[in-house]
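To start, the structure itself, in structure tokens.
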Amino acid sequence: MTRWGMVIDTDRCTGCGACIVACHAENNIQTVGDAEAARGRAMHWIRVERYYEGEFPDVKVRFMPVMCQQCGAAPCEPVCPVYATYRTPEGLNAMVYARCIGTRYCANNCPYTVRFFNWFGGEFPEPLERQLNPDVAKRPAGVMEKCTFCVQRIQDAESVAKDEDREVRDGDIKTACSQTCPAEAITFGDLSDPESRVSVLAGLERSERLLEDLSTEPSVIYLKGGR
Ligand code: SF4
């Protein structure tokens, strides 16, 4: 059974932020502006965390892109009173926006703080609405939203593979962030296929998962920086 996953090489990430812009464009994510961001209402399905290693003057700056970790044992799922978030057979932590009633229990229970409450409903005044992705619905105010590994792209590739009477091939699907990253720091694929590129990278010695001790079983694997 497919288990979609992602490997992020922090040695390659330069912190440029292109993945954030690509994610906004692909998924019709609103921008809330400085004032609302300062009130804790920022909306980015992927963020780039930065931290420092070493002591001055031998200090190294590190970057770590963080999005929904698509946990195998997701803390957000059991606390949703209306089953708006659930695990799919392919290992995605899916969102049913039409069911969400905005209690925000899921966001409070997510240790990765990757769920965002839609406060404003997303205004895209002319001519901005022309850049909206027709494959992704605009979310109304009052629902939680988050990364779903560009599920619309996954479904599209699965549909093409079905039409051609074949399986989805490794590399057929690129999420918006992995497609855009100029450093090729993000790799997407099927973790259940031992020969896929993500599986090979996930097997490297420098792989680790974020907050592994919580036993959330994330599907996002980070490669530690060694530069
Ligand atoms: S686009 Fe790539 S290099 Fe730039 S911040 Fe994102 S992951 Fe890092």
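Heads up: numbering here begins at 1 and tracks the sequence. Just follow the structure's listing: the first ligand is 1, and inside any ligand the first atom is 1.
In terms of the salt bridge (Lys or Arg N to Asp or Glu O under 4.0 Å) criterion, residue partners of Arg130 (sequence neighbours excluded) are, by chain and number, Glu126.
Side chain of Arg41 to main chain of Ala35: no donor-acceptor pair is present (N/O by atom type, distance under 3.5 Å, no hydrogens or angles). For Thr180 (side chain) and Ala176 (main-chain N/O), a donor-acceptor pair under 3.5 Å exists by modelled atom type.
Atom numbering of ligand 1 starts at 1 in the shown order; those under 4.0 Å from a heavy atom of Pro182 are 1 (S).
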Note to self: Evaluate Glu36 against Trp119 for side chain to side chain donor-acceptor pair (under 3.5 Å), listing each step before the verdict.
What the structure shows: CA-CA 10 Å; Glu36 296 299 340; Trp119 290 89; over 6 Å; no
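Alongside Ile101, the hydrophobic cluster contains Val82 (criterion: ILVMFWY side chains under 4.5 Å).
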Give every donor-acceptor pair under 3.5 Å between a side-chain atom in residues 181-188 and any protein atom, sequence neighbours left out.
none

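Listed by chain and residue number, the protein N/O/S atoms under 2.8 Å of atom 6 (Fe) of ligand 1 are Cys19 SG, with waters left out.
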